[in-house]
Colleague: 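Take this structure, written in structure tokens, and hold onto it; I'll ask about it next.
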Amino acid sequence: MSTVERREAIVRQVRDKGLARVEELADHYKVSSVTIRNDLNYLDNKGLLLRSHGGAMALDDVAKEMPFNDKGSVNAAQKQAIGAAAAQLVSDGESIILDSGTTTQQLARHLVNSKSLVVMTNGLNVASELVKSSGIEIMMTGGTLRSKSHSFFGSQAEDALRQYRFDKLFLGVDGFDLVAGLTTHFDREATLNRVMCDISSEIILLADSSKFGRKGYHFIRSFGAFHTLVTDKGIPADYLAGLQRQGVRVIIADS
């Protein structure tokens with residue numbers, strides 16, 4: 001198979017499946033991972049697919065990022081219920097990370113009565129809720145502020161996180177897909193999220209049902225590669241069954 005033929009086949013494969021990993025493609029086409037990465041970079045530059053961490057996605061399957069102020073109005077009641085349910089998983093005296101986002105902001109609102117709690121966050125919106133409590137020690141990652149998401153990112157934020165270990169991470173995502181896994185729209189945010197996962201003993205995903213079947217641009221974590229999901233009753237049956245098979249605890253919040 002020539003280079004041109006292989007690249008045409010890769011485009012068809014990605015469009016059919018929605019997502020493909022470098023290792024999977026290298027094994028299928030009997031070439032090196034370096035060759036596949038070069039293929040994906042070429043096809044991304046030509047606008048035929050979207051390069052993502054560890055592979056590529058079909059352009060038609062990628063959801064567009066909503067403005068931050070609009071995100072909070074989507075499934076607002078469900079997000080409030082998810083935040084309240086997630087707060088029940090936090091114990092006084094713990095050290096936790098709250099990712100930026102509108103659902104984690106709802107969680108922050110339910111932590112105002114906590115005592116001796118240490119919370120690290122990269123979200124301005126989250127910190128503005130936590131500051132209302134005298135029992136919470138607030139830590140900020142620092143870094144570069146991304147106004148579109150009201151969150152900090154970058155090497156400074158990543159280096160700051162690597163100095164610590166936390167009991168729990170509460171993570172929000174832009175997309176949650178059976179094949180693509182957990183994704184977000186901004187590559188540096190995805191990198192920061194992966195660091196958060198690495199330094200946390202327990203990963204708790206907060207996702208309302210609008211996130212299922214959606215794909216962001218950049219990969220964070222594989223489907224099922226976390227401990228607990230807090231969601232609403234709109235979770236599709238195949239997602240629920242798949243997570244339960246992988247031993248993920250699923251909590252359905254009442255809205």
Side-chain angles (χ1 to χ4, degrees), residues 41 44-45 50-57 59 61-76 79 82-83 86 96-109 111 118-132 136-164 166 168-177 180-200 203-208 210-211 214-221 226:
N41 290 335
D44 179 276
N45 290 333
L50 181 69
R51 189 76 166 88
S52 64
H53 180 79
M57 294 182 184
L59 286 169
D61 289 340
V62 177
K64 294 183 178 180
E65 183 176 14
M66 296 178 63
F68 182 84
N69 291 333
D70 292 340
K71 287 183 179 180
S73 62
V74 177
N75 280 7
K79 289 178 179 180
I82 290 169
I96 66 174
I97 304 176
L98 297 189
D99 177 36
S100 63
T102 54
T103 309
T104 48
Q105 182 177 354
Q106 291 295 332
L107 166 57
R109 288 176 178 170
L111 296 178
V118 177
V119 183
M120 171 74 84
T121 185
N122 67 319
L124 281 179
N125 61 319
V126 172
S128 67
E129 299 293 343
L130 297 174
V131 76
K132 300 171 185 177
I136 299 177
E137 179 182 341
I138 305 168
M139 303 174 67
M140 297 291 294
T141 61
T144 303
L145 179 64
R146 184 177 186 238
S147 58
K148 192 169 187 178
S149 59
H150 294 196
S151 62
F152 289 96
F153 69 93
S155 59
Q156 182 180 341
E158 295 161 23
D159 290 343
L161 283 172
R162 290 191 180 101
Q163 306 306 310
Y164 302 96
F166 292 87
K168 294 170 182 173
L169 162 64
F170 292 87
L171 178 67
V173 294
D174 290 318
F176 185 18
D177 182 77
L182 313 183
T183 56
T184 189
H185 291 293
F186 185 46
D187 59 342
R188 300 302 298 274
E189 183 177 0
T191 301
L192 189 66
N193 288 160
R194 290 194 294 273
V195 174
M196 291 176 174
C197 291
D198 291 341
I199 64 172
S200 301
I203 302 169
I204 301 169
L205 179 66
L206 309 184
D208 68 86
S210 70
K211 303 297 175 62
R214 296 181 61 193
K215 300 173 188 175
Y217 291 105
H218 301 283
F219 174 79
I220 302 172
R221 204 87 172 166
F226 49 93

Colleague: Nearest heavy-atom pair of I220 and N193: which atoms, and what distance?
Modeller: CD1-OD1, 3.3 Å
Colleague: Of the non-hydrogen atoms in R221 and C197, which two are nearest, and what is the gap between them?
Modeller: NH1-CB, 3.4 Å
Colleague: Tell me, please, which residues at least two apart from F226 pass side chain to side chain contact (heavy atoms under 4.5 Å, CB included).
Modeller: F176, L182, I203, L205, L229, L243, V248
Colleague: Report the distance from atom CG of N125 to atom CZ of R109, rounding to the nearest 0.5 Å.
Modeller: 9.0 Å
Colleague: Rounded to the nearest 0.5 Å, how far does CZ of R146 lie from CG of N122?
Modeller: 11.5 Å
Colleague: Contact between M139 and Y164 at the side-chain level, heavy atoms closer than 4.5 Å - yes or no?
Modeller: yes
Colleague: Measure across S100 and G123 and return the closest heavy-atom pair with its distance rounded to 0.1 Å.
Modeller: CB-CA, 3.6 Å
Colleague: Rounded to the nearest 0.5 Å, what's the gap from CE on M196 to CD on E158? Could you check?
Modeller: 10.0 Å
Colleague: Flag the pair E189 / D99 as yes when at least one side-chain heavy-atom distance between them is below 4.5 Å, and no otherwise.
Modeller: yes
Colleague: Partners of D44 by side chain to side chain contact (heavy atoms under 4.5 Å, CB included), sequence neighbours excluded?
Modeller: L49, L50, R51
Colleague: Within a strict 4.5 Å, meaning less than it, do heavy atoms of the I96 and I204 side chains meet?
Modeller: no
Colleague: Do T144 and Q156 have side chains that approach each other closer than 4.5 Å (heavy atoms only, starting at C-beta)?
Modeller: no
Colleague: Quick check for you: to the nearest 0.5 Å, what is the distance between I97 atom CD1 and T121 atom OG1?
Modeller: 9.0 Å
Colleague: Kindly write out the residues that satisfy side-chain hydrogen bond (donor to acceptor under 3.5 Å, both in side chains) with S200, not counting sequence neighbours, or none if the list is empty.
Modeller: none
Colleague: Under the rule for side chain to side chain contact (heavy atoms under 4.5 Å, CB included), what residues qualify as partners of A180, not counting sequence neighbours?
Modeller: L19, M57, D177, T183, K215
Colleague: Run the side chain to side chain contact (heavy atoms under 4.5 Å, CB included) test against L145 and tell me which residues pass, sequence neighbours left out.
Modeller: L124, F152
Colleague: Please report the interatomic distance CD1(I136) to CG(L130), rounded to the nearest 0.5 Å.
Modeller: 5.0 Å
Colleague: Check whether any side-chain N or O of D174 sits under 3.5 Å from a backbone N or O of H185 as a donor-acceptor pair, and report yes or no.
Modeller: yes
Colleague: For the side-chain hydrogen bond (donor to acceptor under 3.5 Å, both in side chains) test, which of T104, T102, T103 pairs with K79?
Modeller: T102
Colleague: Do the non-hydrogen side-chain atoms of V119 and I138 ever get within less than 4.5 Å of each other?
Modeller: no
Colleague: Once rounded to the nearest 0.5 Å, what's the spacing between atom CZ of F186 and atom OG1 of T191?
Modeller: 9.0 Å
Colleague: Mind listing the closest non-hydrogen atom pair of E129 and A108 along with its distance?
Modeller: CB-CB, 3.8 Å
Colleague: I'd like to check the side-chain hydrogen bond (donor to acceptor under 3.5 Å, both in side chains) partners of Q106; sequence neighbours left out, ordered by chain and number.
Modeller: none
